[in-house]
Amino acid sequence: MKHKVNFIRTLFFAFVLVFLACDATKPSTAKDPETEAKIDNLLMQMTLEEKIGQMNQLSFWGINDDVKEAVRSGSIGSLLNIIDPKQGNTLQKIAMEESRLGIPLIYGRDVIHGFKTMFPIPLGQAATFNPETIREGAAVAAAEARSAGIHWTFAPMLDISRDGRWGRIAESMGEDPYLTGVMGAAMVRGFQGENLANSTSIAACVKHFFGYGAAEAGKDYNSTNIPPALMRNVYLQGYKAAIEAGAATVMTAFNDNDGVPASGNRFLLCNILRDEWKFDGFVVSDWASIPEMINHGFAANAKEAALRAANAGVDMDMMGMAYPQQLAKLVKEGKVSQTVIDDAVRNILRIKFRMGLFDNPYTDTSAPSVFYAESHLATAKKTAEESVVLLKNANQTLPFTDKVKTLALIGPLADAPHDQMGTWTFDGDKNKTITPLAALQTAYGNNVKVLYEKGLAYSRDLSTAAFAKALQTAHQADVVVAVVGEEAIMSGEAHSLADISLKGAQKALIQELKKAGKPLVMVVMAGRPLTIGDELEAADAVLYAFHPGTMGGPAIADLLFGKAVPSGKLPVTFPKEVGQIPVYYNHNSSGRPANKTETLLYDIPLEASQTSLGNTGYHLDAGFDPLFPFGFGLSYTTFEYSNIRLSDTKIKTFGSIDVTAQLKNTGNYDATEVVQLYVRDITGSIARPVRELKSFKRVVLKAGESQDVTFTLASDDLAFWGIDLKRIVEPGAFKLWVGGNSDATLEADFEIVE
Ligand code: BGC
């Protein structure tokens with residue numbers, strides 16, 4: 001009976017999927033007829049086995065006879081994790097000269113936030129709100145990686161995340177679809193350069209398509225349940241923007257959404273990616289995500305997994321072995337059509353041609369090293385500087401003035417060269433990392449005595465044995481800088497947390513240092529937003545550095561002493577308590593939104609009557625608001641927003657208006673402000689978020705200077721996917737705000753009219 005059911009099921013899939021096979025042959029303006037002709041010519045000569053070989057990606061396991069034979073026979077199209085250019089050249093030579101058709105291999109690697117020179121983790125890069133900075137950083141990463149023979153990175157990751165428990169939030173651009181799209185597109189442009197064939201370009205891979213960041217409970221690989229309109233209005237936006245920027249490849253996600261694992265989601269890969277978005281690069285699975293559809297309960301065995309993935313439109317199997325072992329049988333049985341195979345191979349070869357690999361397959365191993373070049377380090381430092389967010393600065397504790405003669409530097413992250421680089425650091429050398437300790441000693445040591453005491457051996461250290469010494473050191477200094485946070489291993493893939501407060505005895509360390517009565521600056525280096533309410537209260541100033549990379553130390557040192565002025569803004573809402581999650585600024589309004597008169601737990605009178613607190617939606621023990629809103633970040637100067645003006649209060653369908661506000665630097669420092677424009681569609685055919693970021697600009701102002709900042713807001717910026725899943729611009733009333741974070745108060749009203 002079971003056999004029969006299986007048979008009928010297979011037949012059903014075969015029918016549905018063969019006849020609805022993904023049409024990747026749709027005309028694309030980017031396709032070059034000459035290249036397409038070359039691809040067709042190759043396809044005509046290729047055997048089925050050679051075609052399936054192109055669809056097979058394995059992780060490099062050393063140069064030996066097996067890998068050489070696999071390349072020679074054409075049974076591998078791509079390797080990941082080969083990082084020695086000499087070894088890369090050896091295998092490439094076999095592919096070019098000894099394989100029957102001389103098709104080059106494409107080498108991939110996770111170059112996520114730098115190759116050798118490590119940049120801040122992507123969440124930190126997002127905090128710069130500076131796409132040009134992101135582009136420059138990705139270009140540096142590309143130049144370094146390509147010089148090591150790497151052709152292709154598995155980045156940018158553009159999974160929207162509203163959950164700091166999820167370890168991979170570190171690798172994301174945060175919670176906002178617009179910011180994610182702008183930054184993702186910039187990263188793609190940086191990696192790929194003007195031309196994919198340049199010797200300093202690498203192909204980008206937009207991942208993880210789709211929704212991976214919405215993992216339930218923030219647990220990695222977990223199911224997501226994103227309904228269709230939310231998928232369009234929030235979760236797909238970032239990937240789409242990066243694809244429009246020309247990303248060469250896309251990676252499917254591990255998660256199932258509403259029961260359908262991404263590597264078997266035909267609707268996603270064919271209808272959306274190919275048909276709607278006209279993507280003509282190739283789709284790679286995530287590591288073994290094809291056979292993992294068996295664990296999901298979506299495929300009975302590897303054969304069915306391969307059938308589902310191929311027919312869904314996954315072109316390349318990363319380390320799943322499902323394609324090399326199952327596809328030929330499936331083709332012979334007529335369950336996967338020759339067209340599906342040809343389309344997949346066409347997509348892969350197209351990128352190999354665009355990368356110029358047929359003409360320039362080898363890496364020049366005699367070229368001088370570009371690793372850690374001065375200019376690369378300078379770009380990494382600038383990025384780190386822009387990525388740090390000033391969360392508190394009571395009594396202008398920062399920047400330190402020349403009155404500071406002795407500085408106590410305490411904490412497990414003050415001199416942690418490995419951890420400072422953050423997650424996904426495969427190739428960065430910790431010996432090249434400059435920590436805050438090293439930077440303060442080198443750059444400021446002549447004028448300031450730096451007393452260093454770790455206090456805790458590492459961030460999870462529970463022993464308070466060294467606290468007495470740390471406090472003693474704090475007593476001897478004019479100011480105390482405590483560098484706390486998370487080790488690199490605590491965020492990233494498969495590293496989720498249920499509690500996102502400071503670990504080990506770090507909370508106690510901050511309270512202990514407070515006893516010295518000296519100005520206390522807390523610097524946090526972490527892979528996620530942490531719940532730091534208590535420490536925020538204890539510290540006089542707080543700088544938040546998402547793991548800042550190789551040059552994090554010099555950046556932080558210059559920020560502490562005012563050589564640089566903070567300009568970073570939070571790309572993600574910071575919760576007060578983990579139980580507030582998911583907490584994000586662009587939520588919908590409930591029917592009973594909380595107001596500022598909420599009564600908190602300890603203020604409730606004894607035996608208060610059931611309805612005496614009012615019935616609004618907030619947590620009795622945390623309130624409604626988060627610790628910090630999205631977009632938040634202070635400066636050493638102050639900014640004042642005023643005089644908001646609209647060129648018109650009505651936008652016609654297909655029209656636009658200009659929104660202008662005056663920004664004044666009212667403090668004493670020349671500084672940069674990220675001016676943000678938010679919008680609310682007051683009434684829609686589906687409820688719209690209370691605010692949505694529509695644009696932002698980094699504006700540099702001298703102390704005392706003012707400037708008008710103008711945004712153009714088009715009706716198309718206000719479009720959304722409605723109840724019938726069509727993208728619409730709906731006439732009606734809107735509100736907008738211009739300001740320095742998502743709680744901006746300077747507002748104006750406008751309408752969309754037909
Ligand atoms: C990750 C991907 C990564 C791939 C290759 C997977 O486990 O989810 O993001 O690119 O491994 O290393």
### Task
Under the side-chain contact (heavy atoms from CB on, under 4.5 Å) rule, what do H208 and R168 come out as? Steps first, then yes or no, please.
CA-CA 11 Å; H208 305 86; R168 295 195 86 167; 3.5 Å; yes
### Message
Quick one, L48 with I341, criterion side-chain contact (heavy atoms from CB on, under 4.5 Å). Give me CA distance, side-chain angles, the key distance, then yes/no.
### Response
CA-CA 8 Å; L48 177 62; I341 301 289; 4.3 Å; yes
### Task
Take the angle between the ring planes of F353 and F358 and call it parallel below 30°, perpendicular above 60°, tilted in between.
parallel
### Query
Which heavy atom in S263 sits nearest to a heavy atom in S289, and how many Å separate them?
OG-OG, 2.7 Å
### Message
Contact between L179 and P571 at the side-chain level, heavy atoms closer than 4.5 Å - yes or no?
### Response
yes
### Query
Which residues pass the salt bridge (charged side-chain N to carboxylate O under 4.0 Å, His left out) test with D220, sequence neighbours left out?
none
### Query
Is the count of non-hydrogen atoms from other residues, nucleotides or ligands lying under 6.0 Å from E194 atom CD greater than 12?
no
#### Entry: M55 and its side-chain contact (heavy atoms from CB on, under 4.5 Å) partner, picked from D315, I348, D317
I348
### Query
Once you round to the nearest 0.5 Å, how far does OG1 of T153 lie from CD of Q192?
10.5 Å
### Task
Go through the steps for E244 and K278 under the test salt bridge (Lys or Arg N to Asp or Glu O under 4.0 Å), then give the verdict.
CA-CA 9 Å; E244 281 166 2; K278 307 284 177 248; over 6 Å; no
### Message
Working to the nearest 0.5 angstrom, can you tell me the gap between N64 CG and E69 CD?
### Response
11.5 Å
### Query
Quick one: are Y212 and T224 in side-chain contact, heavy atoms under 4.5 Å?
no
### Task
Taking all non-hydrogen atoms of both residues into account, name the closest pair between T180 and G238 and its distance.
CG2-CA, 4.0 Å
### Query
Is there a side-chain contact between R274 and L269, using heavy atoms and a 4.5 Å cut-off?
no
### Message
Both conditions, 6.0 Å and 45 degrees, for the charged tip of K207 above the ring of W152: are they met here?
### Response
no
### Query
Could you give the distance from CG (D40) to CD (Q45), rounded to the nearest 0.5 Å?
11.5 Å
### Message
Please tell me whether N198 and T200 have a donor and an acceptor in their side chains that are separated by less than 3.5 angstrom.
### Response
no
### Task
Over all heavy atoms of both residues, which pair between L123 and R528 is shortest? Give the atoms and the distance, please.
CD2-CA, 4.2 Å
### Query
What is the distance from atom CD of E34 to atom CD1 of I39, rounded to the nearest 0.5 Å?
11.5 Å
### Task
Would you name the heavy atoms of T128 and I134 that are closest together and state the gap between them?
OG1-CD1, 4.0 Å
### Query
Ignoring hydrogens and geometry, is there a side-chain-to-backbone donor-acceptor pair from H376 to V370 under 3.5 Å?
yes
### Message
I'd like to know whether M118 forms a side-chain contact (heavy atoms from CB on, under 4.5 Å) with M551, so could you lay out the CA-CA distance, the side-chain angles of the two residues, the decisive distance to 0.1 Å, and finally the verdict.
### Response
CA-CA 8 Å; M118 297 309 295; M551 295 300 283; over 6 Å; no
### Query
Any chance the rings of Y221 and W166 have centres within less than 6.0 Å?
no
### Task
Test K352 against Q54 for side-chain contact (heavy atoms from CB on, under 4.5 Å), laying out the working first.
CA-CA 11 Å; K352 290 187 175 182; Q54 286 303 306; 2.7 Å; yes
#### Entry: Full working for salt bridge (Lys or Arg N to Asp or Glu O under 4.0 Å) between E98 and R72
CA-CA 6 Å; E98 298 177 38; R72 192 175 292 119; 2.7 Å; yes
### Query
Of the non-hydrogen atoms in Y323 and I52, which two are nearest, and what is the gap between them?
O-CG2, 3.6 Å
### Query
Under 3.5 Å, is there a donor-acceptor pair between the side chain of N89 and the main chain of T363?
yes
### Task
Give a yes or no on whether the backbone of D427 and the side-chain of K116 come within a donor-acceptor separation of less than 3.5 Å.
yes
### Message
Does the structure place the NZ or CZ of R109 under 6.0 Å from the centre of the six-membered ring of F426, at an angle of no more than 45° from the ring's axis?
### Response
no
### Message
Quick check against the 3.5 Å criterion: does N347 have a side-chain atom that pairs as donor or acceptor with the backbone of D343?
### Response
yes
### Message
If only side-chain N and O atoms count, and only distance matters, is there a donor-acceptor pair under 3.5 Å linking T133 with E386?
### Response
yes
### Heavy-atom side-chain contact between K51 and Q338 under 4.5 Å
yes
### Donor + acceptor pair across side chains of K303, Q325 (<3.5 Å)
no
### Query
Looking only at heavy atoms, which two atoms of P156 and F191 are closest? And how far apart?
N-CE1, 4.3 Å
### Task
Go through E136 and K382 one step at a time and tell me if the salt bridge (Lys or Arg N to Asp or Glu O under 4.0 Å) criterion holds.
CA-CA 10 Å; E136 283 172 21; K382 177 174 156 260; 3.4 Å; yes
### Task
Report yes if the side chains of F298 and N295 come closer than 4.5 Å at any heavy-atom pair, otherwise no.
no
### Test item: Q57 and V284 side chains (from C-beta on) under 4.5 Å apart, heavy atoms
yes
### Message
My understanding is that only residues two or more places apart in sequence, or in another chain, count here; which of them pass side-chain contact (heavy atoms from CB on, under 4.5 Å) with S59?
### Response
L80, N81, W287, M319
### Query
With distance as the sole criterion, is a donor-acceptor pair present between the side chains of S172 and D159 under 3.5 Å?
no
### Query
Does some side-chain heavy atom of F209 sit less than 4.5 Å from a side-chain heavy atom of L236?
yes
### Query
Does R350 use its side chain to pair, donor to acceptor, with the backbone of D280 at less than 3.5 Å?
yes
### Task
Before giving the answer on salt bridge (Lys or Arg N to Asp or Glu O under 4.0 Å), spell out for E49 and K332 the whole-Å C-alpha distance, their side-chain angles and the decisive distance to 0.1 Å.
CA-CA 12 Å; E49 283 66 30; K332 280 170 194 148; 3.7 Å; yes
### Query
Can any side-chain N or O of T425 pair as donor or acceptor with the backbone N or O of G428 at less than 3.5 Å?
no
### Task
For atom CG of N41, decide whether the heavy atoms of other residues, nucleotides or ligands shown that lie under 6.0 angstrom number more than 12.
yes
### Side-chain donor/acceptor of H296 to backbone N/O of F254, under 3.5 Å
yes
### Message
Return the CG to CE distance between N195 and M355, rounded to the nearest 0.5 Å.
### Response
9.5 Å
### Task
Ignoring hydrogens and angles, tell me if any N or O in the side chain of T379 forms a donor-acceptor pair with the backbone of S375 under 3.5 Å.
yes
#### Entry: Among H151, R146, E144, side-chain contact (heavy atoms from CB on, under 4.5 Å) partner for I202
R146
### Task
State, with a plain yes or no, whether a side-chain heavy atom of K68 is found less than 4.5 Å away from one of L91.
yes
### Message
When you compare the side chains of N431 and D429, does any donor N or O come within less than 3.5 Å of an acceptor on the partner?
### Response
yes
### Message
When you compare the side chains of Q326 and K329, does any donor N or O come within less than 3.5 Å of an acceptor on the partner?
### Response
yes
### Query
Taking S387 for the side chain and A384 for the main chain, is one N or O donor matched with an acceptor at less than 3.5 Å?
yes
### Task
Please round to the nearest 0.5 Å and tell me the distance separating atom CG of D419 and atom CE of M525.
9.5 Å
#### Entry: Main-chain N/O of E304 paired to N301 side chain as donor or acceptor, under 3.5 Å
yes
